[in-house]
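So you know, we letter chains A, B, ... as the sequences are listed, proteins then strands, and number each from 1. Bear in mind that the values here come from a model prediction, so they are computed numbers and not experimental data.
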Amino acid sequence: AQSVTQPDIHITVSEGASLELRCNYSYGATPYLFWYVQSPGQGLQLLLKYFSGDTLVQGIKGFEAEFKRSQSSFNLRKPSVHWSDAAEYFCAATIYGQNFVFGPGTRLSVLP
Amino acid sequence: EPEVTQTPSHQVTQMGQEVILRCVPISNHLYFYWYRQILGQKVEFLVSFYNNEISEKSEIFDDQFSVERPDGSNFTLKIRSTKLEDSAMYFCASSEARDRPEAFFGQGTRLTVV
């Protein structure tokens with residue numbers, strides 16, 4: 001069955017520190033991959049996406065993600081976290097024409 | 001920037017009542033979706049809709065759920081007889097085409113069944 005996993009339920013980092021959120025997928029073929037962010041009580045905002053080509057993709061708010069086919073991973077990174085980055089982060093995947101499968105989410109807390 | 005809009009933002013209903021959640025997808029998008037997120041849990045797919053018919057649905061989307069595109073702009077989710085376990089955030093999403101599958105999500109409707 002198709003699945004997306006995010007091994008870390010909750011991560012805490014200090015403001016200014018670097019961040020990496022992990023995402024792994026299990027699909028028969030390479031899916032399209034996405035990261036969404038959700039602030040408390042808010043909707044899902046698209047941070048970035050990977051369809052094909054360059055395996056390092058840039059997104060909004062200074063985020064980037066790297067696709068690694070050999071590891072079935074699509075990890076999200078940010079070199080310097082800001083307090084406003086505290087939110088829930090969801091990795092998601094879809095195959096052409098099918099619905100999105102979301103990971104369980106990683107909650108990010110930022111210490112001042 | 002175009003966006004998906006959902007109304008209402010919060011709906012409280014009594015168990016057994018019917019509710020209709022409304023969505024206005026982005027105007028040139030062709031694929032429409034409903035997802036739900038029970039508090040503290042992951043986002044789950046309910047249904048996708050294309051060319052005026054359901055293209056895929058999950059096992060959550062049983063006979064008490066229905067979707068409709070009553071006119072050229074709205075996309076609705078109806079829950080016929082709400083149960084307590086239907087309490088969740090419901091997200092509408094739309095995407096432009098199958099080869100541009102990024103979905104844009106609305107802000108959600110928080111449904112509380114009492």
Contact list (residues 48-56 of chain A to chain B, heavy-atom gap under 4.5 Å, by number) returns A:Lys49, A:Phe51
For this output row, return yes or no: ring centroids of B:Phe105 and A:Phe34 closer than 6.0 angstrom.
-> no
Contacting moiety of A:Leu46, where chain B heavy atoms sit under 4.5 Å = side chain
Please look at A:Gln38 and chain B and tell me whether the side chain, the backbone, both or neither of the residue comes under 4.5 angstrom of a heavy atom of that chain.
-> side chain
With only heavy atoms counted, which part of B:Tyr50 is less than 4.5 Å from chain A, the side chain, the backbone, both or neither?
-> neither
Non-hydrogen atoms of chain A under 4.5 Å away: do they reach the side chain of B:Gln6, the backbone, both or neither?
-> neither
For [X], I'd like to know if atom [atom1] has over 12 heavy atoms of other residues, nucleotides or ligands within 6.0 Å.
X	atom1	value
B:Leu84	CG	yes
B:Asp63	CG	no
B:Lys57	NZ	no

Are [X] and [Y] grouped together when hydrophobic residues (ILVMFWY) are joined by side-chain heavy atoms under 4.5 angstrom apart?
X	Y	result
B:Val43	B:Tyr90	no
A:Ile60	A:Phe63	yes
B:Phe45	B:Phe104	no
A:Phe102	B:Trp34	no
A:Val101	A:Tyr36	yes

State whether the side chain of B:Tyr33 and the backbone N or O of A:Phe100 hold a donor-acceptor pair below 3.5 Å, judged by distance alone.
-> no
For chain A, the option from B:Ala103, B:Gly106, B:Gly108 that forms the most heavy-atom pairs under 4.5 Å | B:Ala103
Side chains of residues 12-28 of chain B: which donor-acceptor pairs under 3.5 Å do they make with residues two or more places apart or in other chains?
none

Who among A:Arg107, A:Glu88, A:Gln42 has the most heavy-atom pairs with chain B under 4.5 Å?
-> A:Gln42
